[in-house]
Structures are given as C-alpha cells and as structure tokens.
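All chains are named by letter (A, B, ...) in the order of the sequence lines, taking the proteins before the strands, and each is independently numbered beginning at 1.
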There are 2 protein chains.
Amino acid sequence: MDTGFDLREHGGVDVFLRDCPTRAVLDVIAGKWTMLVLVALADGRPMRFAELRRRLDGVTPKVLTQTLRALEREGLLTRTVYPTVPPRVEYRLTRLGQEAGGLVQRITDWSQANVAVMQAAREEYDGRAARQLPGAAS
Amino acid sequence: MDTGFDLREHGGVDVFLRDCPTRAVLDVIAGKWTMLVLVALADGRPMRFAELRRRLDGVTPKVLTQTLRALEREGLLTRTVYPTVPPRVEYRLTRLGQEAGGLVQRITDWSQANVAVMQAAREEYDGRAARQLPGAAS
DNA sequence: CCGCATCCTATTGGATACTG
DNA sequence: CAGTATCCAATAGGATGCGG
C-alpha cells in the first residue's frame with residue numbers, strides 16, 4: 001500500500017506540492033459536472049443515464065459519460081449494465097463515493113444558504129471595479 | 001434580497017438547473033487552485049502573496065492573482081494593501097471564506113485518508129481497460 | 001436507450017518578461 | 001514585493017450524427 005508519497009518528507013500536512021496525491025482527487029472532482037453528479041447520487045440510490053442527464057440540465061451525453069468514467073476509475077462509482085432490450089445501465093456510488101458525495105453536498109447546502117450574501121458581494125465588487133475604470137460611453 | 005431564483009418553481013431542492021445559483025459557486029471553487037487556496041487560509045491567518053505562492057507549489061503569479069480575485073469577488077477573501085515600501089499585501093479569508101475553507105478541508109482530509117484506496121481503484125480500472133484493448137506491441 | 005465518433009470552440013492555465 | 005502584459009498550449013467542454 002505504498003503510495004509513493006510521504007507527507008513527513010515534505011514538511012507537514014498542509015504543504016501542497018506538485019506531486020501531492022490530494023491534487024489528483026481535487027482535479028477529478030473539480031470537473032464542471034462532477035460535484036453535481038456526486039450530489040445527485042449521494043443518497044446511494046442508483047440512477048440511469050437518461051435520468052442523470054435530466055437532473056444535470058445542460059450536460060451533453062459525451063461530457064456526462066466522461067464524468068461518470070472518471071468517477072468510476074477513481075472507485076467512487078459503479079456502472080452496471082443490464083443486458084436487456086432496450087439496454088439499461090445503472091450508476092451507483094460506492095461507499096467511498098457516498099462519503100465524497102456527502103462532503104460535497106455540505107458545500108452545495110452551504111452555498112445555497114449563502115447565495116444572497118455572495119451575490120451581494122459580487123455586485124459590490126463589480127460596482128467598485130466599474131467606478132475605478134470610468135469607461136468611455138455614457 | 002431576491003436572487004431571481006426559486007427552487008420551488010423548479011420541482012425540488014435537488015434539481016441542478018442551468019441557472020441554479022449553486023452552480024456559480026461550484027464554478028468558482030472548481031478552479032484548479034481555488035480549493036488549495038481556501039485550505040491554505042482556512043485557519044483565518046492572513047498570508048502574503050509570495051507565501052501563498054510558495055505553498056501552492058507550481059502556481060504562476062498570473063493564475064494565483066486570478067484565483068484570489070475570484071475569491072475576493074465572491075466575498076470569501078479580503079485583500080489588504082499596506083502602503084509600505086516594499087509593498088505588503090495580505091490575503092485573509094472572510095468569515096464566509098473560512099466556512100468554505102473548512103468544508104473544503106474536510107474533502108482534502110478525506111481524500112488524504114483514502115488515497116491508497118483510490119489509487120488501487122485506478123490501477124485496477126486501467127488494468128481492465130488494457131486487457132480489453134489488447135494493444136498491438138508485445 | 002445508451003453512448004461513441006468526430007469535429008470544433010472556448011476557456012483555463014502556463015511560460016516568460018517586464019513594471020510600480 | 002506584488003503583481004501586470006503578452007503570448008501560447010492544453011484540454012475541457014459542446015454540437016451533431018451514427019451505432020449496438
């Protein structure tokens with residue numbers, strides 16, 4: 001179980017070096033749709049491709065597939081094909097995936113609770129920027 | 001305080017529509033370095049530009065600036081300039097930012113605890129893929 | 001129904017050099 | 001020290017159409 005990385009060699013738990021394994025995980029969940037998939041499946045209930053596609057409004061099939069494959073590769077998701085006709089494929093988070101989904105859901109819950117605050121911050125920031133760049137027209 | 005979005009109009013709390021405000025937040029923290037910045041500053045201690053740059057090994061000044069500005073815009077970070085010479089600029093998470101940082105840190109902690117499992121999953125997945133695409137050479 | 005193949009664009013991120 | 005400016009590369013993401 002050697003991961004080829006020892007935090008102690010690099011001076012502490014909070015150093016973010018180029019080859020830190022945490023980065024690999026972060027890079028995966030940083031995908032545009034990944035966290036949404038994780039939250040959608042966080043409760044452990046399996047879901048079919050089309051259903052996921054509907055819940056993630058705007059995702060194209062290609063990108064959804066890529067996202068699902070990446071999660072499968074990481075061991076967070078299982079893909080089960082039922083050889084029926086028409087074909088039926090179910091996606092379900094593993095135990096590990098559910099843990100991740102739960103953590104991500106905390107973030108989405110938190111952000112929903114603070115949407116208004118952040119929108120206000122954004123507007124104030126943009127307003128300040130606009131005043132400092134007095135622009136040409138009207 | 002109207003955000004222009006009412007979840008009830010769209011059929012539930014767990015629908016991820018194109019204009020869902022949660023998406024905006026997710027898009028911000030999904031940046032390649034954003035979560036690392038959030039964790040680095042999660043304890044509330046301010047940090048200077050160069051110090052951050054050292055901790056996020058590999059980040060270029062341009063990208064770090066972009067990341068910091070995005071967080072500032074969202075109201076998660078404050079940028080304080082001390083008009084000394086040489087110049088001194090401190091970055092510090094707001095209360096909101098610290099909350100976010102705490103949540104992200106749970107994810108990084110979790111991923112560090114499960115690095116080995118995920119690496120194993122990755123290798124098994126890749127191995128299976130290699131066996132199914134029997135490749136040309138040797 | 002699931003999702004791959006192809007092609008294409010846009011955005012992100014990086015390298016390098018330079019400035020207040 | 002703390003960035004900005006410029007240019008460039010990578011890749012993520014999207015549109016469309018077909019195949020099992």
Side-chain angles (χ1 to χ4, degrees), chain A residues 16-19 23-38 40-41 46-74 77-92 129 132-133, chain B residues 16-19 23-37 40-41 46-74 77-92 125 129 132-133:
Chain A
F16 307 122
L17 289 173
R18 225 184 293 273
D19 50 355
R23 295 269 287 263
V25 179
L26 249 31
D27 284 350
V28 171
I29 71 170
K32 185 171 178 186
W33 300 97
T34 314
M35 302 210 219
L36 271 354
V37 170
L38 249 19
L41 297 172
M47 221 176 274
R48 301 182 58 182
F49 192 85
E51 192 179 353
L52 270 169
R53 214 182 143 182
R54 273 190 302 276
R55 291 218 3 177
L56 279 63
D57 190 53
V59 71
T60 61
K62 189 191 98 175
V63 174
L64 181 54
T65 301
Q66 282 173 354
T67 305
L68 293 169
R69 290 292 195 285
L71 289 172
E72 190 187 357
R73 192 169 105 101
E74 225 64 18
L77 183 91
T78 59
R79 175 175 180 271
T80 313
V81 184
Y82 297 94
T84 60
V85 44
R88 172 188 185 83
V89 181
E90 281 190 350
Y91 296 90
R92 180 197 306 260
Q132 286 180 6
L133 304 174
Chain B
F16 306 122
L17 288 172
R18 226 183 291 272
D19 49 355
R23 296 268 287 261
V25 179
L26 250 29
D27 285 349
V28 171
I29 70 171
K32 185 172 178 184
W33 301 96
T34 314
M35 301 210 218
L36 271 354
V37 171
L41 298 173
M47 220 175 275
R48 301 179 59 179
F49 192 85
E51 193 180 353
L52 270 170
R53 215 182 143 181
R54 272 190 303 275
R55 291 220 2 179
L56 279 64
D57 188 54
V59 72
T60 61
K62 189 191 95 175
V63 173
L64 181 54
T65 301
Q66 284 172 353
T67 305
L68 292 169
R69 291 279 145 70
L71 288 172
E72 190 188 358
R73 192 169 104 102
E74 225 65 17
L77 183 92
T78 59
R79 175 175 180 272
T80 312
V81 183
Y82 298 94
T84 60
V85 43
R88 173 188 185 83
V89 181
E90 281 189 350
Y91 295 91
R92 179 197 306 261
Y125 183 95
Q132 286 179 4
L133 303 174

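Distances shown here put every side-chain N or O of B:Arg53 at or beyond 4.0 Å from the OP1 or OP2 atom of D:dC1. One finds no side-chain N or O of B:Tyr91 lying less than 4.0 angstrom from the OP1 or OP2 phosphate oxygen of D:dC1. Between A:Arg88 and the phosphate of C:dC2, there is no side-chain N or O to OP1/OP2 separation shorter than 4.0 Å. Dashed line: the shortest gap from a side-chain N or O of B:Arg79 to OP1 or OP2 of D:dG3 is under 4.0 Å. For A:Arg48, a side-chain nitrogen or oxygen approaches OP1 or OP2 of C:dC2 to under 4.0 Å.
Between atom CG of residue A:Leu71 and atom CD of residue A:Gln66 there is a gap of 12.0 Å, rounded to the nearest 0.5 Å. From B:Met47, atom CE reaches atom CG of B:Leu77 across 11.0 Å, with rounding to the nearest 0.5 Å. Here A:Phe49 contributes atom CZ and A:Thr65 contributes atom OG1; the two are 3.5 Å apart, rounded to the nearest 0.5 Å.
For the helix from C:dC1-D:dG20 to C:dG20-D:dC1, the end axes, each set by the C1' atoms of five terminal pairs, are bent relative to each other by 60° (nearest 10°).
Residue B:Leu52 contributes atom CG, which lies 10 Å from atom P of D:dA2 at whole-angstrom precision. In this structure, B:Leu36 atom CG and C:dG13 atom P are separated by 12 Å, rounded to whole Å. Atom CD in A:Glu90 sits roughly 15 Å away from atom P in C:dC1 (whole-Å rounding). Taking atom CG on A:Leu68 and atom C1' on C:dC1, their separation rounds to 15 Å, with Å as the unit. Atom CG of A:Asp27 and atom P of D:dG13 are 12 Å apart (whole Å). Distance A:Leu64 CG to C:dG3 P: 8 Å, rounded to the nearest Å.
Applying side-chain contact (heavy atoms from CB on, under 4.5 Å) to A:Thr67 and the options A:Val59, A:Val37, A:Leu36 leaves one that passes, A:Val37.
The shortest side-chain heavy-atom distance between A:Trp33 and B:Arg23 falls under the 4.5 Å cut-off. For the pair B:Glu90 and B:Tyr82, the minimum side-chain heavy-atom distance is below 4.5 Å. Looking at B:Tyr125 and A:Arg69, their side chains come closer than 4.5 Å, going by heavy atoms from C-beta outward. Here the side chains of A:Thr80 and A:Arg92 are not in contact, with every heavy-atom distance at 4.5 Å or above.
For A:Trp33, the side-chain atoms get nearest to D:dG14 when compared with the rest of C:dA15, D:dG14, D:dA2.
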Close N or O pairs between protein and nucleotides 4-12 of chain D (under 3.5 Å):
unit_1: D:dT4; atom_1: OP1; unit_2: B:Arg69; atom_2: NH1; d: 3.1

Full working for side chain to side chain contact (heavy atoms under 4.5 Å, CB included) between B:Glu72 and B:Thr78:
CA-CA 6 Å; B:Glu72 190 188 358; B:Thr78 59; over 6 Å; no
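When each of A:Thr67 and A:Pro87 is assigned the nucleotide of DNA chain D bearing its nearest heavy atom, the one mapping closer to the 5' terminus is A:Thr67.
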